[in-house]
A.B. asks: 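One structure follows; several queries about it will come next.
The figures that follow rest on heavy atoms only: side chains count, while hydrogens, waters and symmetry mates do not. Note on naming: letters A, B, ... go to the chains in the order of the sequence lines (proteins, then strands), and numbering restarts at 1 for each one.
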There are 2 protein chains.
Amino acid sequence: MDTELRQTLHRRGLRMTPQRQLVLDAVAELGHATPEAICSKVQEIAPAVNITTVYRTLDLLEQLGIVRHTHLGHGAPTYATGEHEHVHLVCHRCGTVDEVDAGLLDDLAEVLASRVGFALDPTHVALSGLCSRCETSDSEADV
Amino acid sequence: MDTELRQTLHRRGLRMTPQRQLVLDAVAELGHATPEAICSKVQEIAPAVNITTVYRTLDLLEQLGIVRHTHLGHGAPTYATGEHEHVHLVCHRCGTVDEVDAGLLDDLAEVLASRVGFALDPTHVALSGLCSRCETSDSEADV
DNA sequence: CTAGCTGCAAAGGATTTGCAAGCGC
DNA sequence: GCGCTTGCAAATCCTTTGCAGCTAG
């Protein structure tokens with residue numbers, strides 16, 4: 001499997017370096033993480049790796065379709081491997097990130113496709129709202 | 001209407017200043033705009049107004065529920081008045097932002113509420129994918 | 001040798017914070 | 001006078017860029 005990636009790189013005159021392998025491993029292991037988190041993870045093993053390299057590698061891996069990033073609302077985007085297909089639910093209030101099956105958006109995707117001709121990419125989306133806990137405390141406080 | 005806001009502010013020991021009025025006007029007029037765009041708009045009338053004030057005012061207005069912001073994908077969030085209720089569709093490729101009726105998410109909202117107890121806020125969401133134009137050119141290029 | 005990779009430092013854009021001056025009540 | 005507001009400058013956060021050195025083929 002990594003062989004495949006290696007070949008893809010090679011075909012483009014690029015190489016699979018230790019840094020790139022480490023970044024990819026970190027992304028796969030962390031599930032979804034910010035560039036900084038990924039960098040920290042990588043640096044546990046190779047402290048010399050610079051965050052610049054992490055950014056550059058993430059860009060590269062994304063162009064190759066190996067990883068994808070999701071904007072979770074405010075600041076830093078999170079990166080995940082392609083297999084990591086789910087929808088993020090971000091709570092306005094507490095910032096908790098839940099994950100639900102991407103299939104939940106299938107109906108919506110169909111509607112958007114037929115009505116607007118828009119091809120929805122469910123995994124890039126972070127839906128926002130209130131998680132069950134905050135919603136409860138919200139209605140209590142709502143006097 | 002503005003009287004109401006004025007009173008809301010007053011109740012909290014806050015004031016309706018010219019700056020705040022201008023920012024609110026700009027948000028209402030622009031529909032959805034980045035802080036910087038809002039600032040420019042405001043500065044057309046009052047050049048001395050600082051962007052810091054715009055940020056602070058937007059925060060304030062948001063806390064009061066007068067405006068809300070939406071993350072359109074990458075960088076800058078856009079602000080709109082509460083009435084401006086629609087869903088944004090952002091194209092990965094060309095960055096175009098379409099708007100569709102928030103009602104399209106009603107079904108999804110129901111599912112999320114019953115299954116996960118998550119109260120979806122449709123207007124805060126920017127869905128991403130490929131717009132019809134890019135999708136077409138994409139499948140052509142997909143050889 | 002040539003091209004790709006990397007680390008480091010600096011630059012850049014967006015947003016926040018600290019602070020002192022200004023103004024309304 | 002007191003506290004809310006504001007402008008300005010500086011600080012922060014996140015990301016990108018420029019550059020020189022190193023490395024693989």
A.B. asks: Without decimals, in angstroms, what is the distance between B:Q19 CD and C:dG24 C1'?
C.D. replies: 13 Å

A.B. asks: Counting side-chain heavy atoms from C-beta on, which of D:dT15, C:dG4, C:dG24 comes nearest to B:R15?
C.D. replies: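 Of D:dT15, C:dG4, C:dG24, C:dG24 is nearest to the side chain of B:R15.
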
A.B. asks: Let me know the distance between CG of B:L14 and C1' of D:dT6, rounded to the nearest Å.
C.D. replies: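 Between C1' of D:dT6 and CG of B:L14: 14 Å.
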
A.B. asks: A:D121 vs A:T123, test: side chain to side chain donor-acceptor pair (under 3.5 Å). Steps then yes/no.
C.D. replies: CA-CA 6 Å; A:D121 173 2; A:T123 66; 3.1 Å; yes

A.B. asks: Looking at every strand, decide which applies to B:P18 at a 4.0 Å heavy-atom threshold: base, sugar-phosphate, or nothing.
C.D. replies: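 Counting heavy atoms under 4.0 Å across all strands, no contact is made by B:P18.
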
A.B. asks: Would you tell me if any nitrogen or oxygen in the side chain of A:T53 comes within less than 4.0 Å of OP1 or OP2 on C:dG7?
C.D. replies: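 Affirmative; the distance criterion is met.
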
A.B. asks: Return the value, rounded to whole Å, for the distance between atom CG of B:N50 and atom P of C:dC19.
C.D. replies: 18 Å

A.B. asks: Without swapping roles, check the side chain of B:Q43 against the backbone of B:A48 for a donor-acceptor pair under 3.5 Å.
C.D. replies: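 A pair under 3.5 Å: no.
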
A.B. asks: In whole angstrom, give the distance that lies between atom CE of A:M16 and atom P of C:dT6.
C.D. replies: 11 Å

A.B. asks: With rounding to the nearest 0.5 Å, note down the distance linking CG in B:L22 to CD in B:E29.
C.D. replies: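 So the gap between those two atoms works out to 11.0 Å.
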
A.B. asks: Check the distance between D:dT12's P and A:E36's CD and give it to me in whole angstrom.
C.D. replies: 14 Å

A.B. asks: Check the distance between D:dA9's P and B:I51's CD1 and give it to me in whole angstrom.
C.D. replies: 15 Å

A.B. asks: Considering only heavy atoms and no angle criterion, is a donor-acceptor pair shorter than 3.5 Å present between the side chain of A:R56 and the base of C:dG7?
C.D. replies: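 Pair found.
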
A.B. asks: Send over the distance from B:R20 CZ to C:dC23 P, rounded to a whole Å.
C.D. replies: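 Going from CZ in B:R20 over to P in C:dC23 covers 16 Å.
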
A.B. asks: Can you figure out which of D:dA9, D:dT15, C:dC5 approaches the side chain of B:T52 most closely?
C.D. replies: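 Selected nucleotide: D:dA9.
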
A.B. asks: For B:Q43 and D:dT6, give me the distance from atom CD to atom P, rounded to whole Å.
C.D. replies: 14 Å

A.B. asks: Please examine the side chains of A:L5 and A:M16, heavy atoms only from C-beta on, and report whether any two atoms are closer than 4.5 Å.
C.D. replies: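 Yes, at least one pair of side-chain atoms sits under 4.5 Å.
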
A.B. asks: The side chain of B:Y55 lies closest to which of these nucleotides: C:dT16, C:dC5, D:dT5?
C.D. replies: C:dT16

A.B. asks: Rounded to the nearest 0.5 Å, what's the gap from CG on B:L58 to CD1 on B:I66? Could you check?
C.D. replies: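 CD1 of B:I66 is found 12.0 Å from CG of B:L58.
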
